[in-house]
*Asks:* 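Have a look at this one.
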There are 2 protein chains.
Amino acid sequence: MLRKNPSFLSYIERLYDAMPRKEDIVMKTFRKGELLFAQGQDPIKVFIVKEGVTKCYFSEDNGKEYILEFLSEGEILGELEALRTIPCLCNVAAVSDVQAYALNLPFFKGMLEKDLHLNHMLLNALAERIINTSSRSSSQQLYTIGHGLSKILELQERQEISISKEDMAAYLGVTLRSLNRALKDLD
Amino acid sequence: MLRKNPSFLSYIERLYDAMPRKEDIVMKTFRKGELLFAQGQDPIKVFIVKEGVTKCYFSEDNGKEYILEFLSEGEILGELEALRTIPCLCNVAAVSDVQAYALNLPFFKGMLEKDLHLNHMLLNALAERIINTSSRSSSQQLYTIGHGLSKILELQERQEISISKEDMAAYLGVTLRSLNRALKDLD
DNA sequence: TTTGTTGCGGGACAAATGTCCTTTTAATTT
DNA sequence: AAATTAAAAGGACATTTGTCCCGCAACAAA
């Protein structure tokens with residue numbers, strides 16, 4: 001659930017250091033809670049997280065939220081929108097303070113045209129996300145809360161990340177109340 | 001929900017016609033009900049649907065099924081597995097009689113190495129799938145059955161496809177019983 | 001200390017969905 | 001037509017999840 005992509009990170013770092021015109025890639029920082037993308041708005045950059053944790057989530061019309069992923073070091077943000085030229089699919093917020101490389105859209109698209117290696121890394125990253133998203137979707141639909149819950153708890157144990165109860169609930173796609181019940185039922 | 005990809009189809013047809021060694025791309029047919037891929041098994045080909053409708057679904061340990069997508073003309077199958085070199089993520093079955101181009105894995109991977117255009121088409125196809133899968137997942141988690149149901153019914157109206165009640169339920173991630181209730185509540 | 005104020009947990013009830021099983025209807029075979 | 005099988009519909013009850021709301025503990029402001 002906490003995604004990272006080391007190969008993307010080293011790729012972008014190499015690129016950044018070698019950049020002639022630093023305007024095309026700039027470093028940006030976000031305070032905990034700030035939005036990197038707002039659902040429905042036109043994106044202006046593609047980000048690659050250098051440090052910190054972000055959450056990527058839908059805000060539905062009924063006021064509820066669904067967290068797709070927690071994205072951390074090396075993960076790319078806004079690539080779907082850049083590829084398809086569409087407004088932001090969902091919100092992305094900084095869960096901790098975040099530092100990220102920001103690529104100009106034309107620059108990113110230009111790279112896509114000439115860099116086969118970038119294409120391959122992106123293909124692999126997207127494939128990975130489909131695998132995660134779809135298998136999680138399936139098990140959330142077909143199993144009861146407790147099932148998915150235990151997986152999150154494992155990760156919390158491993159100190160990988162510490163997320164608020166509210167975010168845990170949003171990740172599971174349930175109410176806080178239901179999450180509490182499920183937690184109590186575990187023992 | 002019934003996905004098609006005309007640009008992929010014309011791409012592969014051009015490729016097929018121009019093929020020197022026809023062994024690398026062969027035409028395969030599947031009877032209604034046959035499996036193109038079996039979840040967990042190693043894939044041997046990448047398919048591109050020429051004609052007919054397939055369903056792509058998970059079989060969970062509790063015996064339930066969740067349909068990810070209905071894939072039709074021009075959609076590619078097995079590309080995730082080829083990219084990541086993993087066993088089949090889910091089952092793919094022919095919903096009607098199906099005809100598909102079957103590409104050898106080494107051939108497909110070879111193409112990925114040299115054909116930038118293929119890379120771009122794939123990137124776009126994967127992006128599209130993430131968009132669909134994740135937004136559907138969110139709304140299925142956060143809304144009640146009736147919401148998603150009305151969308152399916154629209155498509156049935158437009159004669160796009162006629163799917164069994166059982167498949168509709170599996171697509172919504174609910175029981176047949178619940179689907180029937182939701183249908184009755186609609187009017 | 002007192003007074004909010006905020007976050008978290010949980011009780012009580014309502015709504016949604018699942019399970020099991022029977023009935024009904026439609027299609028197919030003999 | 002009769003018999004058989006398959007697909008669809010739904011009744012009755014159990015389980016899961018949501019909604020609403022209250023109380024308690026922690027903490028900050030007065």
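Here is the naming used below: chain letters follow the sequence lines, and residue numbers restart at 1 for every chain.
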*Asks:* Can you tell me how far P of C:dT17 sits from CG of B:L149, to the nearest Å?
*Replies:*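 In whole Å, C:dT17 P lies 11 Å from B:L149 CG.
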*Asks:* Thinking salt bridges, do B:K55 and B:E69 make one under a 4.0 Å N-O criterion?
*Replies:*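 Result for this pair is no, no salt bridge flagged.
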*Asks:* Using only side-chain N and O atoms of B:T175, determine if any of them is under 4.0 Å from OP1 or OP2 of C:dT17.
*Replies:*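 B:T175 to C:dT17 OP1/OP2: no side-chain N or O under 4.0 Å.
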*Asks:* Base of C:dG9, side chain of A:R181 - is there a donor-acceptor contact under 3.5 Å?
*Replies:*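 Checked by distance alone, the answer is no.
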*Asks:* May I ask you to verify if any side-chain N or O of A:K184 is less than 4.0 angstrom from the OP1 or OP2 atom of C:dG10?
*Replies:*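 Yes, A:K184 has a side-chain N/O under 4.0 Å of OP1/OP2 on C:dG10.
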*Asks:* Hey, mind stepping through A:T29 and A:D97 against side-chain hydrogen bond (donor to acceptor under 3.5 Å, both in side chains) and telling me if it holds?
*Replies:* CA-CA 7 Å; A:T29 60; A:D97 289 350; over 6 Å; no
*Asks:* Among the candidates C:dT17, D:dT17, C:dG11, find the nucleotide nearest to the side-chain atoms of B:T144.
*Replies:*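 Nearest nucleotide to the side chain: C:dT17.
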*Asks:* Rounded to whole angstrom units, what separation is found between the CD1 atom of B:I163 and the P atom of D:dA8?
*Replies:*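 One finds 12 Å between P of D:dA8 and CD1 of B:I163, rounded.
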*Asks:* Under 3.5 Å, is there a donor-acceptor pair between the side chain of A:D24 and the main chain of A:F107?
*Replies:*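 No, because the side chain of A:D24 does not come within donor-acceptor range (under 3.5 Å) of the backbone of A:F107.
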*Asks:* From CD1 of A:I145 over to C1' of C:dG18, roughly how many Å is that when rounded to an integer?
*Replies:*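 Interatomic distance, CD1 of A:I145 to C1' of C:dG18: 15 Å.
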*Asks:* Whole angstroms only, please: what is the NZ-P distance between B:K64 and C:dC20?
*Replies:*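 About 10 Å, once rounded to whole Å.
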*Asks:* Please confirm whether A:Y66 and B:Y143 have ring centers closer than 6.0 angstrom.
*Replies:*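 No, the ring centres sit 6.0 Å or more apart.
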*Asks:* CD1/B:I131 to CG/A:L89 distance, rounded to the nearest 0.5 angstrom?
*Replies:*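 Rounded to the nearest 0.5 Å, the CD1-CG separation comes out at 6.0 Å.
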*Asks:* Which residue lies toward the 5' end of DNA chain D, B:R177 or B:E166, if each is placed at its nearest nucleotide?
*Replies:*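 That would be B:E166.
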*Asks:* Can you measure B:H147 atom NE2 to C:dA16 atom P for me and round it to whole angstrom units?
*Replies:*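 Computing the B:H147:NE2 to C:dA16:P distance gives 14 Å.
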*Asks:* To the nearest angstrom, how far is B:L179 atom CG from C:dA16 atom C1'?
*Replies:*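 Taking CG of B:L179 and C1' of C:dA16, I get 14 Å after rounding.
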*Asks:* Using atom CD of B:Q140 as one end and atom C1' of D:dT17 as the other, report the distance to the nearest whole Å.
*Replies:*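 B:Q140 atom CD is separated from D:dT17 atom C1' by 16 Å.
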*Asks:* Among D:dA9, D:dT17, C:dT17, which is the nearest nucleotide to the side chain of B:K165?
*Replies:*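 Comparing D:dA9, D:dT17, C:dT17 against the side chain of B:K165, the answer is D:dA9.
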*Asks:* Any side-chain N or O of B:N180 below 4.0 angstrom from OP1/OP2 of D:dA9?
*Replies:*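 Checking B:N180 against D:dA9: at least one side-chain N or O falls below 4.0 Å of OP1 or OP2.
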*Asks:* Send over the distance from B:L176 CG to C:dG18 P, rounded to a whole Å.
*Replies:*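 It is 11 Å, rounded to the nearest whole Å.
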